[in-house]
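Read through the structure below, which is laid out as structure tokens, and then see the notes.
In the text below, chain A, chain B and the rest are named by the order of the sequence lines, each starting its count at 1.
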Number of protein chains: 2
Amino acid sequence: MEGMTEECTAREVLDRVGGKWSIAIIVAAAQGPVRFTELERSIDGISRRMLALTLRNLERDGLLTRTVYPTVPPKVEYVATDLAREIYDALVTLTTWAERHRAEIAAARAAYDRRAAS
Amino acid sequence: MEGMTEECTAREVLDRVGGKWSIAIIVAAAQGPVRFTELERSIDGISRRMLALTLRNLERDGLLTRTVYPTVPPKVEYVATDLAREIYDALVTLTTWAERHRAEIAAARAAYDRRAAS
DNA sequence: CCGCATCCGGGAAGATACTG
DNA sequence: CAGTATCTTCCCGGATGCGG
């Protein structure tokens, strides 16, 4: 449809896992089945709306499996697919990296901003 | 400043690397020094504005080093820092993954949409 | 050649309230 | 419990033009 070349594969990655909350959800759902409210509580700052939307998109792309148990009260479980599990390590690498270099990056940013305020 | 917990590290990754063009730029600049126009040509679809903005942000976070050669015409080279190189493999993994499963994901999406159109 | 300034539209995402 | 619906706000990102 578009005149896009191969360059946009990086773009495609982010279309799947680049959402604001996708990584956190995938990592959580890769450890085992998780429920909606469980995710809502464990992912700090996420809104009910964004959780629902992100879950839908991840399910749509085949990264998450949604299972509904017709019980009362209703119960829905999400679990990462094999496809999603393939990038689990990479996602953890990125998360760990961000965590370990948080201070370093903040310092670089502060230094840059200080120079810009000249 | 914030009351954010540890949960948002995934968020932080994307703040650095989750820009629309960040991955493509980091991967390109990890192979060796690249010039502005060079990036503009090699990254399909990027605008001059977004290239400049993304380069600035990556430099600000200490992921890219910017070197200006005071020549005529001016010459500016960008190269990935050691910090950015640490996630190079993970980024390549994600890119490769997206490329290999492109069809699979598209199919999952199509199937999902077909069911939704019921 | 390498950017920055400005204008502007569209989608992302928060707040809030309501349902099966 | 597991979502929808609506409304609003914000900022990403494209287009264009200027400047060192």
Side-chain angles (χ1 to χ4, degrees), chain A residues 2-4 7-8 10-11 14-25 28-29 33-61 64-79 112-113 115-118, chain B residues 2-4 7-8 10-11 14-25 28-29 33-61 64-79 112 116:
Chain A
E2 317 84 328
M4 306 304 251
E7 300 295 347
C8 51
R11 210 41 258 295
L14 294 167
D15 286 342
R16 324 297 175 198
V17 301
K20 192 175 180 179
W21 310 99
S22 301
I23 291 185
I25 292 177
V34 280
R35 304 183 58 176
F36 189 92
T37 311
E38 202 173 342
L39 285 168
E40 191 181 7
R41 275 194 307 261
S42 71
I43 301 176
D44 190 71
I46 195 170
S47 67
R48 193 171 255 118
R49 174 186 138 87
M50 287 316 297
L51 178 56
L53 282 180
T54 308
L55 286 172
R56 279 283 165 275
N57 284 326
L58 291 175
E59 184 198 1
R60 188 164 99 107
D61 286 346
L64 244 46
T65 303
R66 180 172 181 266
T67 309
V68 181
Y69 298 93
T71 61
V72 179
K75 176 180 173 181
V76 180
E77 277 185 348
Y78 295 90
V79 62
Y112 183 93
D113 292 346
R115 270 181 295 154
S118 63
Chain B
E2 323 81 325
M4 305 304 249
E7 301 295 346
C8 52
R11 210 41 257 294
L14 294 166
D15 285 342
R16 326 294 175 197
V17 169
K20 193 175 180 180
W21 310 100
S22 300
I23 290 185
I25 291 177
V34 280
R35 304 184 56 179
F36 189 92
T37 313
E38 202 173 340
L39 286 167
E40 192 180 7
R41 275 193 307 260
S42 71
I43 301 176
D44 191 71
I46 195 170
S47 67
R48 200 182 235 79
R49 174 185 140 87
M50 287 316 297
L51 179 55
L53 282 181
T54 308
L55 287 172
R56 277 284 164 276
N57 283 326
L58 291 176
E59 184 198 0
R60 187 164 102 107
D61 286 347
L64 243 48
T65 303
R66 181 171 179 264
T67 310
V68 182
Y69 298 93
T71 60
V72 180
K75 176 179 173 182
V76 181
E77 277 185 350
Y78 296 89
V79 62
Y112 183 94

(request) Take A:Glu40 and A:Thr37, measure what side chain to side chain contact (heavy atoms under 4.5 Å, CB included) needs, and give me the verdict at the end. (result) CA-CA 5 Å; A:Glu40 191 181 7; A:Thr37 311; 4.3 Å; yes

(message) I'd like to know whether B:Tyr78 forms a side chain to side chain contact (heavy atoms under 4.5 Å, CB included) with B:Leu58, so could you lay out the CA-CA distance, the side-chain angles of the two residues, the decisive distance to 0.1 Å, and finally the verdict.
(response) CA-CA 10 Å; B:Tyr78 296 89; B:Leu58 291 176; over 6 Å; no

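Following rounding to the nearest Å, A:Phe36 (CZ) and C:dG20 (P) show an atom-to-atom distance of 17 Å. Regarding A:Leu51, its CG atom lies at a distance of 11 Å from the P atom of C:dG14, rounded to whole Å. A:Glu40 has its CD atom 13 Å from the P atom of C:dG14, to the nearest Å. Between the CD1 atom of A:Ile46 and the C1' atom of C:dA12 there is a distance of 13 Å, rounded to whole Å. In this structure, A:Arg56 places its CZ atom 18 Å from C1' of C:dA12, rounding to the nearest Å.
A search for side-chain contact (heavy atoms from CB on, under 4.5 Å) contacts involving B:Glu38 returns B:Val34, B:Arg35, not counting sequence neighbours. Under the salt bridge (Lys or Arg N to Asp or Glu O under 4.0 Å) criterion, B:Arg66 pairs with no residue at all, not counting sequence neighbours. Partners of B:Asn57 under the side-chain contact (heavy atoms from CB on, under 4.5 Å) rule, at least two apart in sequence or in another chain, are B:Arg60.
Contacts with DNA chain C (heavy atom under 4.0 Å) in residues 64-73 of chain A: none are found.
The distance from atom CZ of B:Arg41 to atom CD1 of B:Ile46, rounded to the nearest 0.5 Å, is 13.5 Å. In this structure, OG1 in A:Thr65 is found 11.5 Å from CD in A:Glu77, a value given to the nearest 0.5 Å.
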Could you list the protein-to-nucleotides 5-9 of chain C atom pairs, N/O on both sides, closer than 3.5 Å?
from	atom 1	to	atom 2	distance (Å)
C:dT6	O4	B:Arg49	NH1	3.4

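Where DNA chain D meets chain A (any atom under 4.0 Å from a heavy atom), the bounding nucleotides read 5' to 3' are D:dC1 to D:dT6.
Judged by closest nucleotide on DNA chain D, B:Thr54 is the one of B:Arg48 and B:Thr54 placed further toward the 5' end. Between A:Gly45 and A:Pro74, the residue anchored closer to the 5' end of DNA chain C is A:Gly45, taking for each the nucleotide with the nearest heavy atom.
Here the closest non-hydrogen pair linking B:Pro73 and B:Thr71 is O-OG1, 2.8 Å. Here the closest non-hydrogen pair linking A:Asp61 and A:Arg16 is OD2-CD, 3.5 Å.
Residues A:Ile25 and A:Ile43 meet the side-chain proximity criterion, which asks for heavy atoms closer than 4.5 Å. Counting only heavy atoms from C-beta outward, the side chains of B:Leu53 and B:Arg56 never approach each other to under 4.5 Å.
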